[in-house]
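Report on the structure given below.
Since we're looking at a predicted model, the values are computed, not measured.
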Amino acid sequence: MKRIGVLISGRGSNLGALIADQANAPYRIVSVISNIEGAGGLARAAEAGIATKVIPHKGKTREAFDAELDAALRAADVEIVCLAGFMRILSDGFTRAWEGRLINIHPSLLPAYKGTHVHERVIEARESQSGASVHFVVPELDAGPVIAQARVPVHADDTPDALAARVLDVEHKLYPAALRLLADGKVKLEKGLAVFG
Ligand code: GRF
């Protein structure tokens, strides 16, 4: 049973999907940390009886903020960290310290559409499909090896909100499935690759 820490900045719907999945999964969420006070996900975690913590980032260097995060995760004996709508770039030191045990969900078919405003850009480019990716986190933004992906169609008359909702729906299935693989030791980060088996 792996001990999971989830980092959030917002509503936490992916956190909600992980909480719903954990009852019969090889993981338990033991800590939810937000850099934003009042983030919706904090209430979801508290309702589920999970310990929450707010670590504000304002007025701190990236390294100082990440050191606080790292200390809080270690204090909770966290083994795997899931980023779920966590809107801070992590320092190289933090990502290296958690290498292979730090994953993120991104609302595109990586390596396409890294960064922000993904759905606007996908529609602008008239893509016929988009999706979501769960990947190991490495220092370069949204560039780590992909563990799992889910695809959705993009409709000709899509708005960014409509596409975001369609992608979010598959995110909620994808993230628990990918975390189960990692928690079970069925996928590992080896020499910059996601290796299965
Ligand atoms: C998701 O679309 C996720 O892919 C992205 O941020 C959003 C977070 O949504 N990284 P939520 O807070 O999990 O509802």
Which heavy atom of [X] sits nearest to which heavy atom of [Y], and what is that distance?
{"X": "I33", "Y": "A72", "value": "CD1-CB, 3.8 Å"}
{"X": "Q22", "Y": "I50", "value": "NE2-CD1, 4.1 Å"}
{"X": "A194", "Y": "V187", "value": "CB-CG2, 4.2 Å"}
{"X": "A39", "Y": "I8", "value": "CB-CD1, 4.3 Å"}
{"X": "I89", "Y": "L141", "value": "CG1-CD1, 4.2 Å"}
{"X": "A143", "Y": "V138", "value": "C-CG2, 3.9 Å"}

Exercise for review: Could you walk me through whether N24 and R180 pass the side chain to side chain contact (heavy atoms under 4.5 Å, CB included) test, one step at a time?
Suggested key: CA-CA 10 Å; N24 62 348; R180 279 176 182 240; 3.0 Å; yes
Backbone N or O of [Y] within a donor-acceptor pair of the [X] side chain at under 3.5 Å?
{"X": "R121", "Y": "K114", "result": "yes"}
{"X": "R3", "Y": "S31", "result": "no"}
{"X": "R166", "Y": "P153", "result": "yes"}
{"X": "E37", "Y": "P56", "result": "no"}

Residue pair [X] / [Y], side-chain heavy-atom distance below 4.5 Å:
{"X": "F65", "Y": "R62", "value": "no"}
{"X": "P139", "Y": "T95", "value": "yes"}
{"X": "P107", "Y": "E171", "value": "yes"}
{"X": "N104", "Y": "D142", "value": "yes"}
{"X": "D77", "Y": "V30", "value": "no"}
{"X": "V137", "Y": "F94", "value": "no"}
{"X": "F86", "Y": "V6", "value": "no"}
{"X": "V152", "Y": "L163", "value": "yes"}

Out of curiosity, does [Y] fall in the hydrophobic cluster containing [X] (side-chain heavy atoms, cut-off under 4.5 Å, transitive links)?
{"X": "L102", "Y": "Y175", "result": "no"}
{"X": "Y113", "Y": "V134", "result": "no"}
{"X": "V146", "Y": "L182", "result": "no"}
{"X": "L110", "Y": "F136", "result": "no"}
{"X": "V78", "Y": "V32", "result": "no"}

Which residues satisfy the side chain to side chain donor-acceptor pair (under 3.5 Å) test with [X], sequence neighbours excluded?
{"X": "T52", "result": "none"}
{"X": "E68", "result": "K60"}
{"X": "N35", "result": "S9, H57"}

Review point. Hey, what's the ring geometry for H106 with H135, parallel, tilted or perpendicular (30° and 60° as the breaks)?
Key: perpendicular
Check your understanding: Stepwise, does the side chain to side chain donor-acceptor pair (under 3.5 Å) test hold for Y27 with D21?
Key -> CA-CA 9 Å; Y27 64 83; D21 182 60; 2.6 Å; yes
Approximate separation, where rounding is to 0.5 Å, of [X] [atom1] and [Y] [atom2]:
{"X": "I29", "Y": "R44", "atom1": "CD1", "atom2": "CZ", "value": "11.5 Å"}
{"X": "L179", "Y": "D184", "atom1": "CG", "atom2": "CG", "value": "9.5 Å"}
{"X": "S133", "Y": "R151", "atom1": "OG", "atom2": "CZ", "value": "10.0 Å"}
{"X": "I105", "Y": "L15", "atom1": "CD1", "atom2": "CG", "value": "12.0 Å"}
{"X": "W98", "Y": "I80", "atom1": "CH2", "atom2": "CD1", "value": "10.0 Å"}
{"X": "D70", "Y": "E63", "atom1": "CG", "atom2": "CD", "value": "12.5 Å"}

**Study point:** S130 and H119: CA distance, side-chain angles, deciding distance, side chain to side chain donor-acceptor pair (under 3.5 Å) verdict
**Key:** CA-CA 9 Å; S130 189; H119 307 301; 5.2 Å; no
Check your understanding: Do other residues, nucleotides or ligands put more than 12 heavy atoms under 6.0 Å from R28 CZ?
Key -> yes
Practice item. Take L90 and L69, measure what side chain to side chain contact (heavy atoms under 4.5 Å, CB included) needs, and give me the verdict at the end. Key: CA-CA 10 Å; L90 293 163; L69 265 187; 3.8 Å; yes
